[in-house]
Every structure is written in structure tokens, then in C-alpha cells.
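Structure first, commentary second.
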2 protein chains.
Amino acid sequence: MREPGRHLHEHDLAALAIGAALLGTGGGGNPYIGSLRTRDQLRRHGPLRIIRLADLPDDALVASVGGIGAPVVGIEKFEQGEECLRALQALEAHMGVKVDALIAAEMGGANSMEPLLTAAQAGLPVVDGDGMGRAFPEVQMCTYFIYGHEATPAAMADEKGNIVLYTAMSDATTLERHARATCVVMGAAAGMANRPMSGRYVKEVAVPDTLTLALNIGRAVLAARRDRTDPVEAVLQTTPGKRIFNGKVVDVHRELKGGFAVGEARLTGSGPNDGDDALVNIQNENLLFQRNGNIEITVPDLIVIVEADTAEPITTEQLRYGQRVEVLALPCHPLLRTAAALEYIGPAAFGYPDVAFQPLEIPDMETP
Amino acid sequence: MREPGRHLHEHDLAALAIGAALLGTGGGGNPYIGSLRTRDQLRRHGPLRIIRLADLPDDALVASVGGIGAPVVGIEKFEQGEECLRALQALEAHMGVKVDALIAAEMGGANSMEPLLTAAQAGLPVVDGDGMGRAFPEVQMCTYFIYGHEATPAAMADEKGNIVLYTAMSDATTLERHARATCVVMGAAAGMANRPMSGRYVKEVAVPDTLTLALNIGRAVLAARRDRTDPVEAVLQTTPGKRIFNGKVVDVHRELKGGFAVGEARLTGSGPNDGDDALVNIQNENLLFQRNGNIEITVPDLIVIVEADTAEPITTEQLRYGQRVEVLALPCHPLLRTAAALEYIGPAAFGYPDVAFQPLEIPDMETP
């Protein structure tokens, strides 16, 4: 593929880590560890070519790769570094193909980086987009599978060189169940590569330009910190959304359940929210935002918890008592709001059958 | 392969089911359901060719296939019938080979039958032998892996058509962990096919003639029942062993743990054992026999519980309060008594680090 593209450099990673972790709504793994690992690969292999969706040839073969596991575990059990590459190579060998580009399944601290470092290792470009425009905990929750891509073959690999191939699965939800069980055996952190898609299909169903968006969010935050302006406001000047809560974390419940980090965080309001309480329900990602017992924001819209002063996104496993935070709500991409999508990523899909998705509407942004 | 062989017919299955379940020491699945499923396949495909180890060409490709799961589940969730065949076919397709014969990984009610019915479906012969000469709960516990056969590739399939391939695993114990996790997702009952072995290797490490032995034990039991002689004595006239306990089941604890049936049975003695108590520790199979608190027989020797009157073997999931039983002890094959083997199938491997294996010695049998 000789189409025009931009390049991602080592010096972009700090901004990308912030923006992707913010879009990750608490999930997608630790951004710091993700960016360190990616930096190492970019240093070794040079800058990475990024392809816009519009420039992707229809017949290109594009595979999504990513880490799978509980983010809590990802902090202590670092990946060896070639998990996704090995999964990708096993998949290519099994299918007898070579893919032309990689794409993220989700945006999130580590999982937006995983395709980048794997692409660096494999000498492949990365597509500017992903399958969620945020992070979700399960494989079938990305637009690729929601809109009909075959679930198999898929491959998983761990740091010891163990490889599992899924060659026939009823659907992506079954693949998820199997991958999760395998992931637990692999120590709750592994790499996964999914059946390659055509460029034509990716252009239809991928959430576009999310690498660029993450980069821009991160750059805005870093600039605001440098200029001592409000970094939270800088986020909302970059992408539509609103501030919904200012306060302090007063309680965090979090446990590892079947390879997921499940729990909730309680917040007590301050400043404009003095006297209010809030609750955020979590399964790897932030799922529901409740104010004084009323559900206000629901998955798939983005519920983002950031440090109040710095707009540094706080991932699920970093949440702890005493943190001063702001909560932002960002509308999800329209591809996630269709009836087909809500079946997989609406509140009911996460065990809240009585909670309806009430789309967050943000008036058109003024251009900053 | 045109070597001389015998054939297994539908009318052999009743005897085979008894003998194999008896050698299965409580495990290996329900013999009745296993024989019904095999009968169906033999009716469809005709008698099955059985090859003695001595007649197996060195360069033949021999794959072991079997069901994997908790026997308790196998009673209620019948296999659809082609699980092992599909696993075998997926394995052959992945490796680009065709196997020449099948062999059992273990003897046991259902799992000695599984290679037979799969062979009938695939039009292949079955080797007279297995990898345990009894049943064990885990994949790495068969002589094939104990003596160094590569663990991968291996394949698993369920009744819905889902297929998982293991293409790289550190060792057979890791394969077992993965297969068990997959098996739980597959509903605790699935079919598995393992990397084909050379005929030369099978001749070295398989426990020989165990299909014939199972058949002979079953025939002896059936003959004794018909002739109203002692069927338990008939077993001991067919294979070395001894009666160790006569009594009644007074308590059974059994639970499903990670895909295994784990528990214990308490017996109270009668007749020659009046006043004695016994305890049998179980993980799918009977592992330890204790009399009045003293361990007398240990895995890998065979601890067999049969109905006192009929010598009908009682599998783990059929054990219940009030059954009048005899307990027999049979020495395991010498291939299971080496230091290498005991590491995988001695008492310590089952969570009894302080229990030493004390080989049961039986004086040479008189020919009946």
C-alpha cells in the first residue's frame, strides 16, 4: 500500500496515552505501561505509518489485535511484548495470508497502543480508527463483530509462547467466552489477533479517526497544563462532551471476577456539586453514572473520570480513596447507537436490563 | 494397513462396557451411555477393526481421541456424537495429515468407547491398548505425554460445532489447563483429539491389549452372572487383583470443581469386614482407599468399586447411599510405576504430597 499516510513518532506517545486512556473510560489497560512498551518498539523500528480510513484500499487485509485481560493484572504482570505479534503470526500461518495493516479493537490506555507496537514489530501500518471509539470489556462489543464480521479464525498467545487458535465459533460472543477462559489460564493477560477484514468493510464499520482524536485530546491537555489553563476545558474544546461532576472518591469496590475488574466507585461532590453524591458502576470500563441515586449517563456513552487539576484520566485499577476528580460525559459514535449495536453494548448487555440507554446530546461545538 | 486384526462387533459392547468401566476405577464416563452411542455407530458403519500393538506399522500415524469433561455432566448432557470426529478432522486439516488409526487415551466407561465410535465414523481401525490401562482425570496423565510426546497441536470440539486448536503449549500439563478451561466453556463435555504419534512410539509406551482385557473381564462377569457363580471372583480369575472390602456406602460427597467431580465415599463393612470403615477419595476416579483411617491402596493402582452381587462397576457419578459394594484392588501396569510416571500420576500429583505410592503386589495368578 503506497497511499498517503502520516507517521506516529515516539514524541507523540505521551499525548496519545492521555487521549486514549481518556476515551478508554477507565478500561483498556494502563496508559503509562502501554506507552513505555510502545516507545521501546518505536525506538527500535522507527516511526509508524498511520493510514486514514479514506486511504485504505478496499482489498487490503486489516486485522485487529489487542491485549485481553483484567487491567488490574496488567499492572503487575507486564506483557512479555510479543504476545499480539505471535497471535497475529499464528493466525496468518493458519490462514495462509499476510495482513496489510493493523487496527485497534478499542481505544484505551494500553489497548490503543497494542496495535501500534505490534505493527512496529511486524513492519505494518496502522489504520486511524478502532472498533469502539472507546473501550469495552468484551470481544463481541466492537463494531467489526456487531455489524457481521466472522468471529473465526482468531488466535491468542501468552508470554510463555502458548498459542490457542479458535477455528470455529458459533458467534463472537462464544469467542469471547472462550477467549476469556483462555485468558484466565494465561494469567489474565494475553494477546489476541482477530480474523482479518477487508479494507472495504473496515471503512464501513470502524469508528473513524480515533487515533488522531486521542492524539489531539492528549495534546490539548498537555498544552493546557503547560499554559496553566483548564485542561478539562481543553478536552471539551477538542471533542464534544460536558462536565457532569466535581468531587472526591470516597469509596472503591473492585474485584477480579472471571478475568474482569468489576466494582463501583462512590464520589462526594464539591464546588458546583457540593452536597451531591455520585456512583460509577464498573466492569473494566465505567458503565453507569448515577447522581443521588438517579442514573444520568449510561453505556455506550462515555463516562470519563479524570484528576480534577490535570485532566489525567484515571483508569479503573488506579481509582482510589481521596482522589479529587472530575467526571466528564462524552457522546459515543453514532455507529454505537444503532439498535443492532445497543443489543451488544447497551446497559442490558452489561446486566442492567431495566436501564434504558438515554443518548447524551451535545449541541454543536463552537470551533475553538 | 492390511495387517491382521480382529473385529469388534455390536454384540461385544455389553461386555466391553463392564470391563472398561471396571478398569476405569470410577471414571471415564458412564458406560451405558457410551455403549449406546457406540452401538449406534457400529450399526451404521459395521464391525470395527482392532489392531494389536505388535501388528502396528512403525510409520503409522496414530491419534488418541476421547471425551473430556466431568462424568457427572455426561449423564445429562449427552454428546451430540461427532465431537471427537470434528476435533480429529480439525487437527488433520491443520497439520495436513491423515491418521491411520485411533487409540484410547484411557480405559473407562465412556472414554474407552469414544475412539471406537469415532473410528467407526472415520472408517479407521482402533489400536488394542491405551495410555493409562485405567482412567485418570487429566490429559498429561497418559503414558503418551509422560514419556515425551509433544503436547501440540491438539484440538477440541463441542456439540455446537465450536472448535479450539492448541498449536503451541509449554507442555501437556499446560495443555490440560487450557483444555479444562475450554471444556468448562463448552458445557463440561467436549471431544478432544491429540497430536498423532508414530506406530513405533505407540508400541513403546501404550499399555497393551487393554481393549481385549476389558472385553475379557466383561465376558467373565456376564458368564458368572449367567451361571450364578461369583462374578467378583470371575474378575480376579481374568486379571490379577484382590478383594479388599465388602460393605455398604453410607455417605457420598461429590461436587463439581473446575470441570472435575471431586469428593469421597464412606463405606461401612459387612461380612468379612464387619466392624471396619472405609473411605475412598475421588477426583473423577478413585484415588485412595483407606481402611479405619489407614491408607491401604493408592493411585496409580486401581481401586474398583463394584456392586457386591453382580460385579457391575459403579462409576463416581453413580455412587450413592445404601449401595452394597465390593472394593477390588488391581495393580497398575509397570509403565505407570516408573519414577517418571509417578511424578504425574502418583498420590502427590493429586494433592496428597505426604502419601507414598506403595505398589500392590499380587502373586502370579494360576491360569483358570
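Chain A is the first sequence line, chain B the second, and so forth, proteins listed ahead of strands; every chain is numbered from 1.
In this structure, chain B has a heavy atom under 4.5 Å from the side chain of A:H94, while its backbone stays farther away.
Sorted by first and then second residue, the side chain to side chain donor-acceptor pair (under 3.5 Å) pairs with a member in residues 139-157 of chain B read B:E138-B:Q140, B:Y147-B:T338; sequence neighbours excluded.
Checking A:T174, A:T167, A:D171 one by one against B:N162, the side-chain contact (heavy atoms from CB on, under 4.5 Å) holds for a single residue, A:T174.
Residue-environment remark: OH (A:Y344) stays at or below the threshold of 12 foreign heavy atoms within 6.0 Å.
Across all their heavy atoms, B:G161 and A:A168 have their closest contact at O-CB, 3.4 Å.
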